[in-house]
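Here is the structure we will look at, set down as structure tokens.
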There are 4 protein chains.
Amino acid sequence: MSAQKKLTRAEQKALRPAQILDAAFEEFVRNGFTATRVEDIADRVGVTKGTVYVYFETKEQLFEAMISHFSVAFHELLDNTDRLDGSVTDRLKAILGLLYDQIVEDRITRELLRLVISEGHRFPDLIDRHHDQFIAPIIAKIEDLMREGMSSGEFRQMPVEFSDIVVAPILTTTILRLIFDDRRARTPNKDAFMRAYFDLLLNGLLVRRS
Amino acid sequence: MSAQKKLTRAEQKALRPAQILDAAFEEFVRNGFTATRVEDIADRVGVTKGTVYVYFETKEQLFEAMISHFSVAFHELLDNTDRLDGSVTDRLKAILGLLYDQIVEDRITRELLRLVISEGHRFPDLIDRHHDQFIAPIIAKIEDLMREGMSSGEFRQMPVEFSDIVVAPILTTTILRLIFDDRRARTPNKDAFMRAYFDLLLNGLLVRRS
Amino acid sequence: MSAQKKLTRAEQKALRPAQILDAAFEEFVRNGFTATRVEDIADRVGVTKGTVYVYFETKEQLFEAMISHFSVAFHELLDNTDRLDGSVTDRLKAILGLLYDQIVEDRITRELLRLVISEGHRFPDLIDRHHDQFIAPIIAKIEDLMREGMSSGEFRQMPVEFSDIVVAPILTTTILRLIFDDRRARTPNKDAFMRAYFDLLLNGLLVRRS
Amino acid sequence: MSAQKKLTRAEQKALRPAQILDAAFEEFVRNGFTATRVEDIADRVGVTKGTVYVYFETKEQLFEAMISHFSVAFHELLDNTDRLDGSVTDRLKAILGLLYDQIVEDRITRELLRLVISEGHRFPDLIDRHHDQFIAPIIAKIEDLMREGMSSGEFRQMPVEFSDIVVAPILTTTILRLIFDDRRARTPNKDAFMRAYFDLLLNGLLVRRS
DNA sequence: TATGAATGAGAATTCATTCAT
DNA sequence: GATGAATGAATTCTCATTCAT
């Protein structure tokens, strides 16, 4: 607390941009780009409209800066996946577990996805960046694993270009949460969900006839 | 063309609401609720702002009317699923095929989903209606089939409450199409996709060890 | 009632203008000129906007026609005053009694006064007509009686140009009723009011010292 | 003039609300509530529409604020009446003289009365406030004096509930001025008017028979 | 005559943005 | 840097008026 108090004016100011970006995230997520008022963002920080314009030239630039600011977390995720070991199955499970944490349970990633879906038309390079930074690397990683599993004889042969299917339950869970939020109790228990997910993914629906 | 010309006032009038709803769909989908101007909708129909207000009291009511108007298609789908026969597997495949057509390939359903995601905060009963009319019946249908398959010995035992997982590839494909639209060639060939989807769903990733 | 029923279409139509003027009176009185919508007038009659325009070219003309239509009653009053007889005091009392009926108790005259006060700026000749038809003749009549009373020795000598003072209680009562309408119980009992009014007017406040 | 120039932003700002209220008074009085455009008020101040909305949330609130702002003068009048002395007649004369100044000659009070009459339907609590702050205290004051005069033997016995009659010439003069404004030379010379008014009020019309 | 769909000129209100302090 | 008064362009919604039927 005294640390809180010791903030010099200069330190205060150094924090401003981050505070504004945080506030912008909340407001843009709640209302979308057009329906968000710069003044609401300022109010949330406790400053006036003018102050926002000290740091960001326009509402559009603020939006884009906010998206960039909150799009960093994924890098760590992707880094982590490189350090895994064990069987292909083990590594696939580990990656999907990390993805679950990042996509389903991390509110920021989830809401960023909402903005990608709703504001994509207005900010087309948002889409491109999102694709290049998030979607493509994940898909590539999954495809690599599938290829590896197939050549090692662990996985059955199947076309690798549909690896969306493998991660689909994670994206779907996120989307349902985005839609129903906390209004409908749709959020599953992670462990139970992952167990059912892996079981189905690895073994399929059908009873195996020996 | 002469037919076009022959339209009487009365006929014109009977057409207006549908014309406006069509235009509203396009504009709301493109820009979202707030960023859509009533005048753009009017322009698209070829009338003036005032005319829109002859038929719809406010922009909000127009939005809601538009959603209702375009939310009808699903009923047929659900009706059709009742008439299927064959093994549980056959019927599951058939249903998932119908869902694919309705959710992935039907542009209206797809874009309605975008609006549910982006405007849900502003129109909360939109969410509720969407849940009750679309999500819940589908989930129920899938759960029924899974239960049937398990008790007939066709499917392995698994918890029925995660049947989202079964339809996830379809929702995921739709979401990716919503995001990348036609800007990235992500739209899969339906047959190849369905083949891979069913194969994975029914048999799983793992090689069966006899 | 059968008379009601027997109205031919032609008779119906002959009634239209009067119906519209009645409705216009109510709406203009309630809302003033600008805030009254032609459609509300039409609704009150049970026809559509267009019909009003069949009979009256513009909203302004309708307003003026309505004023003229309801400004007729006064003529009778003024005619009646010519037929009075008795002492000057008797005739003055009789005239003031008639004025009370006409100005305080007749809703139409009262509300017309409201419109004169509120819409005078917009319709300046409304003022002129009102002055020439209502105010001036009454004042003249009172002045005549005062002159007559003074020369007959019945009344004390006093300047005749302030005869407004003589009728003031009547106008004041009307104004208070216009303002407080039926929301405050300010409407006096006529007989008691007139008795007090005449007593004060004729004898004054002061005790007479013989 | 250089004073004009020296106005700092802060000083400007402190003045704005009053400037806007003044302008609002003029425009609302000229056109009534509905027919007054916010832009006209702004123009009169020399600012833009938006500026008016910086200070007042809606046109209705501006109207109400304006009424409140200009309804203060009466308090002084009522205070002054408490400090009078002399005979009941003297004090009655003094009060009526003050009322004349306030109601007939003060343009603001006069025009406020017009708004009370014309906008009463739309702003019902305007009426209530006007009654409680203006009408009721005056009537009460006059009634007190009449009671005092009657018990002191100065005035004849008469019902006190019609004291409206006593002030009627003042209200009537105001109303006539509101209606005919400066278009008809109806404004009386105050001294002559008051002399005639008091003479009639105190002594009545009739010649006294010793 | 009567209708009511359509118009288009406003009018209230909002809000991103600017700028003097 | 921070403020917040002021702007002005944009947007929703209204309504008198027209006109084909």
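Since the model is a prediction, treat every value here as computed from it, not as a measurement. Proteins come first, then strands; the chains are lettered A, B, ... in the order of their sequence lines, and each starts at number 1.
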Which base, if any, makes a Watson-Crick or G-U wobble pair with F:dA10, both distances under 3.5 Å? E:dT13
Of the candidate nucleotides E:dT17, E:dT13, E:dA6, which contains the atom at the shortest distance from the side chain of B:Arg16? E:dA6
Tell me which of A:Val47 and D:Val47 sits closer to the 5' end of DNA chain F, going by the nucleotide each one is nearest to. A:Val47
Below 4.0 angstrom from OP1 or OP2 of F:dA5, is there any side-chain N or O of D:Thr51? no
Is the shortest side-chain N/O distance from C:Thr48 to OP1 or OP2 of E:dA2 below 4.0 Å? no
Is it true that the side chains of B:Arg30 and B:Thr36 contain a donor and an acceptor less than 3.5 Å apart? no
Closest nucleotide of DNA chain E for A:Ala35 versus for A:Gly50: which of these residues is on the 5' side? A:Ala35
Write down the distance between CZ (A:Phe63) and C1' (E:dC15), rounded to a whole number of angstrom. 18 Å
Can you identify which nucleotide, out of E:dT14, F:dT14, F:dA2, has its nearest atom closest to the A:Val54 side chain? F:dA2
Donor-acceptor pair present, D:Lys49 side chain and E:dG10 base, under 3.5 Å: no
Closest approach of D:Thr51 to D:Arg16 (non-hydrogen atoms, all atoms of both residues): CG2-CD, 4.4 Å
Can you tell me the pairing partner of F:dC19 across any strand shown, Watson-Crick or G-U wobble, with both distances under 3.5 angstrom? E:dG4
Whole-Å distance separating the CD1 atom of A:Ile41 from the P atom of E:dT17: 11 Å
Which nucleotide in E:dA16, E:dA11, E:dT7 has an atom nearest any side-chain atom of A:Val38: E:dA16
Taking the nucleotide of DNA chain F with the nearest heavy atom to each, does B:Tyr53 or C:Tyr53 sit closer to the 5' end? B:Tyr53
Answer with base, sugar-phosphate or nothing: what part of the nucleic acid does D:Phe56 contact at a heavy-atom distance below 4.0 Å? nothing
Reckon D:Tyr55 has a side-chain N or O less than 4.0 Å from the OP1 or OP2 of F:dA6? yes
Just how far, in rounded Å, is P of E:dA5 from CD of C:Glu39? 10 Å
ring-ring contact (aromatic ring centres under 6.0 Å, His included) between B:Phe56 and B:Phe63, intermediate numbers included: CA-CA 9 Å; B:Phe56 301 94; B:Phe63 182 81; over 10 Å; no
If you assign each of D:Glu60 and B:Gly46 to its closest nucleotide in DNA chain E, which residue comes earlier from the 5' end? B:Gly46
Considering only NZ, NE, NH1 and NH2 on the basic side and carboxylate oxygens on the acidic side, decide whether B:Arg114 and A:Glu119 come within less than 4.0 Å. no
Does CD in D:Glu57 sit with more than 12 non-hydrogen atoms of other residues, nucleotides or ligands closer than 6.0 Å? no
Quick one: is F:dT12 close enough that its OP1 or OP2 comes under 4.0 Å of any side-chain N or O from B:Lys59? yes
What's the CG-C1' distance between C:Asp43 and E:dT3, to the nearest Å? 13 Å
Touch check for D:Thr36, heavy atoms < 4.0 angstrom, all strands: base, sugar-phosphate only, or nothing? sugar-phosphate
